[in-house]
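Inspection log for the structure reproduced underneath, given as structure tokens.
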Amino acid sequence: MTQGTYKGAARRAGLAIGALALMAAALPAGAVAAGGGRTAAPEWCATVTVPGHRVDCGTLDRPLVAGKPRLGTVGVSYAVVRHSAPGAAEGTVAVNPGGPGEVAIGKAGLFAMGLGDLLKDHDLLLVDPRGTGRSERIPCGVGDAEYRFGTRAQQRSAVERCAENLGPKAAGYTSAATADDIDAVRARLGVRQLGLYGLSYGTYLMPEYAARHPERVRSIVLSGAYPHAFDPLARNSAQAVSLSLRRICERGAPAACDGKRAVKDLATAAERLRARPMTVPIATGRATYLAKFTEGKLANLVYEAASREVGMEPEKPSLLGDLPHALNRFAKGDAAPLRALIKEDGATGSTEDQAPYIAVVCNDYRTAWRKDAPKDVRWRQYRAALKNAAPGEHGAFSAKGFTEGPTDGGDVCIGWPRPTVPEPKDITRTLPDVPVLVLSGDLDANTPDANGKEAARQFKHSEFFSVRNTGHVPEMELSGCVTGVSTRFVRTGATGDTSCLRALPPIAVRPVHG
């Protein structure tokens, strides 16, 4: 299960985001610089423009690792897009677009468009998490494309190299630290409460903020959500891949594809790639990688990549809509259509350093082993967990094959050093009792409906909605239906009429012939 958006391509969650969505609570129009901040507006602020709105920016010096002053500080940057109507703002929307490690400030214009008229009376607060965007970089020397397209052994090795290069600074990359950074910005600006809006990994981060600073939260919107206590073997995602294939065939043009056939072809492809991976050259613009395409790489393609941007332009081809045809041709001995999809996804690779992604994932996320155990014990515990997975729990895949798909799960962090920061706690004990809206796309295998429902159950009072015919982060659809519901929720604490969430059109599916 990959939660976010890969740094540099709107990929994960993941990379989730495009041009919409986010919101809620209250910023004063003229914030006064307070302790820990650099009082002069940074030069880059002039490049953050949103027509019709003033943008204020700043940078705070924050402890790199709390309680360890010898490790120094890190500069955390923020931008505030001010409301356009006269008078004080009715609220302030703090948004995180996913990742871990996605930038927020660089998407100011897109977020403003997605919020629609909410920015007439609400301010928008964007904080670049430490190590990303306008905030200070702490690189580890592992690039996006190198990490994504490497074999599983190479990915594990890259994780260990990242940890070695970061050294004790690795402890500075946690969701708790980012949450506290956001609250430090809130305090500097003099804001009493924030409305939190999290997309993809933001649905992990924003509850972390809410649990650490419950009195500072006005409302919460989570889109493309998963709970803190998610399944480290990603069984919900594995099952959702087959469900999505069946749904697009049932809802698509008559006779475009048969859902049962598509799932059977997926199982055939997984079995063949398990026995004999194929090599696919992937050109990223700067380099060409000879990627070893395994059952795990197939899992990543069909649950993560195929969930992106689904429903954004339903009438146009998408990776998910092309899958039944490509899988059918592969099952019949023709690998060309599947190779084309692999290369298309691979072209999004970049050289962006993955420290903010790898370190947060390995520090924070649940694993199928004890993090305080030595590496050889971790391996025994992980293999035992795979062995205990019931047949069929990973859908069309083997347990080992599917769990080698997530770049933020499975065994990828097994060589990460033992924790030097506290283990993440059960956040449900301190979450505030505020209005919460959780949204999932019903074609999303990355953070599927089952995960969204679990995320909603973390809160005392929440509403969950599955958005028909959309994928990861349903705000990606362009009709305005989803953002209309979420912005109304930000304003009023209620969703109002949600009928449009069930009426979005099915996506185009490439016909399967023969």
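Quick note: numbers below take in every heavy atom, side chains included, and nothing from hydrogens, waters or symmetry partners. As the structure is a computational prediction, the values presented were derived from the model and not from experiment.
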Practice problem: Identify which one of Asp128, Thr132, Thr47 satisfies the side chain to side chain contact (heavy atoms under 4.5 Å, CB included) criterion when paired with Ile105. | Solution: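 So, applying the side chain to side chain contact (heavy atoms under 4.5 Å, CB included) to Ile105 and each of Asp128, Thr132, Thr47, only Asp128 qualifies.
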Quiz item: Which one of Tyr173, Tyr201, Tyr204 satisfies the side chain to side chain contact (heavy atoms under 4.5 Å, CB included) criterion with Pro100?
Solution: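 Answer to the side chain to side chain contact (heavy atoms under 4.5 Å, CB included) test with Pro100 among Tyr173, Tyr201, Tyr204: Tyr201.
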Report yes or no: do [X] and [Y] form a side-chain donor-acceptor pair below 3.5 Å?
{"X": "Thr59", "Y": "Ser77", "answer": "yes"}
{"X": "Asp364", "Y": "His228", "answer": "no"}
{"X": "Arg148", "Y": "Thr348", "answer": "yes"}

Quiz item: Excluding sequence neighbours, so at least two apart, what forms side chain to side chain contact (heavy atoms under 4.5 Å, CB included) with Ala389?
Solution: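 Partners of Ala389 by the side chain to side chain contact (heavy atoms under 4.5 Å, CB included) criterion, ordered by chain and then number, come out as Arg235, Glu393, His394, Ala399.
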Quiz item: Considering residues at least two apart in sequence or located in another chain, which fulfil the side chain to side chain contact (heavy atoms under 4.5 Å, CB included) criterion with Pro139?
Solution: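 Arg137, Asp353.
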Quiz prompt | Glu215, CD: over 12 other non-hydrogen atoms inside 6.0 angstrom | solution =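 Check passes, neighbour count above 12.
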Self-check item: Pairs flagged by disulfide (SG to SG under 2.5 Å) wherever residues 197-226 is involved - sequence neighbours left out
Solution: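 Checked against disulfide (SG to SG under 2.5 Å) - neighbours excluded - no pair reaches residues 197-226.
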With sequence neighbours excluded, what pairs up with [X] under the salt bridge (charged side-chain N to carboxylate O under 4.0 Å, His left out) test?
{"X": "Arg70", "value": "none"}
{"X": "Arg366", "value": "none"}
{"X": "Asp181", "value": "Arg62, Arg130"}

Quiz prompt | Arg156/Glu160 ion pair, N-O < 4.0 Å | solution =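 Salt bridge flag = no for Glu160 with Arg156.
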Quiz item: What heavy-atom pair brings Pro97 and Val103 nearest, and what distance separates the two atoms?
Solution: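 Residues Pro97 and Val103, closest heavy atoms: CG-O, 3.1 Å.
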Practice problem: Could you tell me if the ring centre of Phe230 sits under 6.0 Å from that of Tyr365? | Solution: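 So the answer is yes for these two rings.
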